[in-house]
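Below is one structure, written out as structure tokens, with a few remarks after it.
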Amino acid sequence: MALRLFDSLSRELRELQPSLPDGIYRFYNCGPTVYAPAHIGNFRTFVVNDVIRRLLELAFGATRVRHVRNLTDVDDKTIRRAREENRTLADVTQQWTAKFHADCDALNCLRPHAEPTATGHITEQVDMIDTLMQKGNAYRAADGSVYFKVTSFAQYGTLSRVKERELQIGSALSGKSAAADADEKEDVSDFALWKAYKAEDGANGWESPWGRGRPGWHIECSAMSKKHLGPTIDLHTGGVDLLFPHHENEIAQSECCNGTPFSRHWYHSEHLLVDGKKMSKSLGNLYTLDDLIAKGVTPMALRYALLTGHPRKQLNFTLDSLHAAEKALTTLRHYRANLPISGGDARALAAFFTMLEDDLNTPGALGALFTLVNRGVSDRGVDVAAFDRAMFALGLKLDGPAAPPAATPAAITALAVQRWAAKQAKDFAAADALRKEIAAAGWTMLDRKDGYSLEPAKK
RNA sequence: GGCGCGGUAGCCAAGUGGUAAGGCCGAGGUCUGCAAAACCUCUAUGCGUCGGUUCAAUUCCGACCCGCGCCUCCA
């Protein structure tokens with residue numbers, strides 16, 4: 001199985017292969033900033049990365065993949081949140097880390113093998129900055145902050161083609177630079193490795209050779225990927241918005257510090273749009289997992305919906321897509337229930353896996369899957385084991401009810417008992433009247449041969 | 001302004017130089033007293049517009065129109 005992914009650096013499809021003799025594939029995925037619940041756009045990226053993780057496990061074996069995803073637990077936003085809520089930084093970030101984990105679990109994302117935090121790796125970051133200072137790639141400004149000197153790294157901008165943008169950087173910044181850059185940078189493109197302590201940082205400062213302060217954002221990924229995966233990693237991923245400046249800056253820091261290539265492969269997933277626009281609070285189109293659960297949506301339906309678009313294409317999310325997802329999952333669940341346990345042919349799902357291995361074509365894979373489903377369970381080839389392998393790849397969990405059971409009010413139960421009795425007595429007029437009454441109360445009575453069940457009416 | 005991505009049926013969305021996967025919705029049917037579920041069947045002569053290349057273009061090239069993203073800390 002040859003897994004190929006688009007590489008943002010070379011801009012071509014490239015096969016994934018471990019580079020070191022130990023055969024371990026080193027995969028680093030930029031994680032969340034833990035100051036608020038993640039939104040479904042964030043989860044698109046994490047679900048896509050989870051599929052990559054799963055395909056890597058299928059390709060190389062579960063023990064031959066090392067997946068690291070960081071938690072950004074110190075930055076402007078986390079500090080501001082702690083200050084606003086009059087809590088410690090750790091208190092705030094632990095709360096949102098726990099929430100992030102719970103959401104990821106609900107979405108059936110495999111836990112990374114390591115989830116390093118920025119505050120847990122201050123020493124590693126300081127060491128790296130120190131090396132950059134010694135090598136002349138960084139300088140300490142008058143305010144005590146340390147900046148990376150972009151002009152010291154000739155290849156700066158290769159990933160994001162920043163050189164092509166250079167002519168316009170001045171004008172793009174002209175509007176806001178005056179206010180934003182009250183600091184002491186030598187060049188507007190230079191970025192902070194270490195940020196000097198300010199009063200609003202409160203208790204959140206660490207000692208360093210350059211004085212009290214805190215690490216800049218980019219350096220954490222360079223330091224933590226190096227510690228947990230080594231100086232050269234096999235794959236580095238994130239959302240497209242991280243391509244510049246975050247990933248560009250990581251490359252500069254890491255390669256100048258280590259003297260070796262930083263990542264052999266870069267992959268960026270596209271944004272989820274809602275109502276045709278990027279999600280934002282001001283547009284009122286930002287959803288969290290809990291927002292959707294409150295609407296009766298299951299996490300698996302969200303996961304499915306997030307996989308219906310090609311990961312490298314913007315996906316316009318709609319609430320309708322969740323209904324479609326829920327129905328599709330029901331079909332898959334039913335199909336699986338009627339599948340033979342064994343005796344199938346592993347090649348039956350070849351088309352499905354070919355789609356996934358070809359640059360993670362999840363919508364194409366789902367299409368291939370349903371083509372199979374439409375041929376029926378009697379079609380030779382697919383058995384439960386083969387089907388479950390496909391479900392594993394996509395991370396779709398089909399067990400459990402489609403919707404969480406809701407407590408039935410006693411009044412509704414009483415009506416149902418009456419109606420069932422009327423039906424048994426073949427008093428269909430009364431039975432129909434009671435069905436209407438139950439429906440009017442917002443419930444649906446489902447008859448079976450030997451009994452019935454009640455569930456909340458679908459909106 | 002620069003860089004990048006996209007415009008395929010009512011909605012979502014794959015794909016290919018040789019005549020359009022799949023999901024949802026909708027329609028019809030089987031089954032069920034009814035309803036629901038499940039299952040079966042059907043649903044784009046068309047792929048933003050205009051040119052060009054070609055025996056053949058939705059697929060390649062050019063122009064144009066429209067939408068979206070990024071351009072210093074947003075997945």
Side-chain angles (χ1 to χ4, degrees), chain A residues 8 11 29-33 38-49 72 75-77 150 160-173 176-177 180-181 185 188-192 195 216-218 237-246 248-249 268-273 276-280 304-305 308-310 312-318 320-332 334 337-338 351 355 361-374 376 423 426 428-429 431-432 435-436 438-439 444-449 452-453 455 458:
Chain A
S8 309
R11 284 164 218 130
N29 169 19
C30 280
T33 301
H39 60 245
I40 59 175
N42 296 316
F43 284 122
R44 179 187 197 195
T45 296
F46 297 125
V47 164
V48 164
N49 276 275
T72 299
D75 78 324
D76 291 348
K77 295 190 295 286
V150 165
S160 62
R161 305 191 196 186
V162 78
K163 291 210 163 62
E164 286 89 332
R165 309 179 191 210
E166 231 163 28
L167 285 173
Q168 296 303 320
I169 278 189
S171 67
L173 272 168
K176 46 186 169 181
S177 62
D181 291 329
K185 289 197 278 189
V188 65
S189 295
D190 293 347
F191 56 91
K195 304 179 85 152
W217 175 37
H218 316 295
T237 67
V240 273
D241 52 331
L242 296 185
L243 206 141
F244 185 84
H246 187 53
E248 197 71 74
N249 292 171
H268 295 91
S269 49
E270 255 296 349
H271 281 305
L272 183 72
L273 305 180
K277 305 271 186 197
K278 183 175 168 179
M279 276 186 286
S280 72
Y304 186 99
T308 60
H310 189 109
R312 288 198 300 107
K313 260 178 87 169
Q314 292 170 348
L315 172 64
N316 189 22
F317 173 85
T318 61
D320 271 356
S321 71
L322 294 171
H323 174 253
E326 209 83 72
K327 297 280 284 190
L329 285 171
T330 299
T331 300
L332 292 179
H334 200 266
N338 291 296
M355 285 291 183
N361 187 347
T362 52
L366 287 170
L369 192 64
F370 273 91
T371 298
L372 226 46
V373 169
N374 290 333
K423 182 184 164 174
K426 301 219 184 291
F428 296 126
D432 288 351
R435 174 185 288 290
K436 278 182 186 160
I438 291 166
T444 303
M445 186 165 174
L446 302 173
D447 293 5
R448 291 188 310 273
K449 278 261 188 289
Y452 59 88
S453 60
E455 62 179 43
K458 302 231 165 68

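Proteins get letters first, then strands, A, B, ... in listed order; numbering begins at 1 in each.
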Sugar-phosphate only, base, or nothing, as touched by [X] at under 4.0 Å among non-hydrogen atoms:
{"X": "A/N249", "result": "nothing"}
{"X": "A/D432", "result": "base"}
{"X": "A/F428", "result": "base"}
{"X": "A/D241", "result": "base"}
{"X": "A/H268", "result": "nothing"}
{"X": "A/G238", "result": "sugar-phosphate"}
{"X": "A/G239", "result": "sugar-phosphate"}
{"X": "A/H246", "result": "nothing"}
{"X": "A/D447", "result": "base"}
{"X": "A/L369", "result": "nothing"}
{"X": "A/L242", "result": "sugar-phosphate"}

Which nucleotide sits closest to the side chain of [X]: [options]?
{"X": "A/A328", "options": "B/A13, B/C70, B/G23", "answer": "B/G23"}
{"X": "A/K327", "options": "B/G22, B/U72, B/A37", "answer": "B/A37"}
{"X": "A/K423", "options": "B/A14, B/G33, B/C12", "answer": "B/G33"}
{"X": "A/A324", "options": "B/A38, B/G23, B/C12", "answer": "B/G23"}
{"X": "A/Q314", "options": "B/G69, B/A75, B/G6", "answer": "B/G69"}
{"X": "A/N361", "options": "B/C3, B/G15, B/G69", "answer": "B/G15"}
{"X": "A/N374", "options": "B/G22, B/C74, B/A14", "answer": "B/G22"}
{"X": "A/P363", "options": "B/G4, B/A14, B/A75", "answer": "B/A14"}
{"X": "A/T371", "options": "B/C25, B/A21, B/A36", "answer": "B/A21"}
{"X": "A/K278", "options": "B/C39, B/G69, B/U72", "answer": "B/G69"}

Nearest-Å distance once atom [atom1] is located in both [N] and [M]:
{"N": "B/A14", "M": "B/U8", "atom1": "P", "value": "10 Å"}
{"N": "B/U30", "M": "B/G67", "atom1": "P", "value": "49 Å"}
{"N": "B/G7", "M": "B/A13", "atom1": "C1'", "value": "13 Å"}
{"N": "B/G4", "M": "B/C64", "atom1": "P", "value": "16 Å"}
{"N": "B/A57", "M": "B/U53", "atom1": "P", "value": "11 Å"}
{"N": "B/C65", "M": "B/U49", "atom1": "C1'", "value": "7 Å"}
{"N": "B/C47", "M": "B/U19", "atom1": "C1'", "value": "12 Å"}
{"N": "B/A36", "M": "B/G28", "atom1": "P", "value": "13 Å"}

Presence of salt bridge, A/D447 and A/R435, under 4.0 angstrom: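 So A/R435 pairs with A/D447 through a salt bridge.
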Need the pair for [N]. Rule: Watson-Crick or G-U wobble, both distances under 3.5 Å, any strand; none if unpaired.
{"N": "B/U58", "result": "none"}
{"N": "B/U49", "result": "B/A63"}
{"N": "B/A38", "result": "B/U30"}
{"N": "B/C25", "result": "none"}
{"N": "B/C70", "result": "B/G2"}

B/C74 phosphate, OP1 or OP2, under 4.0 Å from A/K77 side-chain N/O: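 Indeed, a polar side-chain atom of A/K77 lies that close.
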Distance below 4.0 Å between A/K313 side-chain N/O and B/A14 OP1 or OP2: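 For B/A14, OP1 or OP2 has a side-chain N or O of A/K313 closer than 4.0 Å.
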Chi angles and distances behind the side-chain contact (heavy atoms from CB on, under 4.5 Å) call for A/L322, A/Y304: CA-CA 8 Å; A/L322 294 171; A/Y304 186 99; over 6 Å; no
Chi angles and distances behind the side-chain contact (heavy atoms from CB on, under 4.5 Å) call for A/L369, A/M355: CA-CA 10 Å; A/L369 192 64; A/M355 285 291 183; over 6 Å; no
Verdict with reasoning, A/R44 to A/E270, per side-chain contact (heavy atoms from CB on, under 4.5 Å): CA-CA 9 Å; A/R44 179 187 197 195; A/E270 255 296 349; 4.0 Å; yes
Length of the line joining A/F317:CZ and B/C11:P, which is rounded to integer Å: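 One finds 18 Å between P of B/C11 and CZ of A/F317, rounded.
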Atom-to-atom span, CG of A/L372 to P of B/A14 - whole angstrom: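 These atoms are roughly 20 Å apart.
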Parallel, tilted or perpendicular: rings of A/H218 and A/H246 (30°, 60°):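 Tilted, since the angle between the ring planes falls between 30° and 60°.
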A/N29 and A/F46: CA distance, side-chain angles, deciding distance, side-chain contact (heavy atoms from CB on, under 4.5 Å) verdict: CA-CA 8 Å; A/N29 169 19; A/F46 297 125; 3.9 Å; yes
Under 3.5 Å side-chain donor-acceptor pair for A/N49 and A/T237: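 Indeed, the side chains of A/N49 and A/T237 share at least one donor-acceptor pair under 3.5 Å.
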Side chain A/H271 and base B/A75 donor-acceptor under 3.5 Å: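 Result: at least one qualifying N/O pair found.
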Any N/O donor-acceptor pair, A/R435 side-chain to B/C34 base, under 3.5 Å: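 Per atom types, the contact qualifies.
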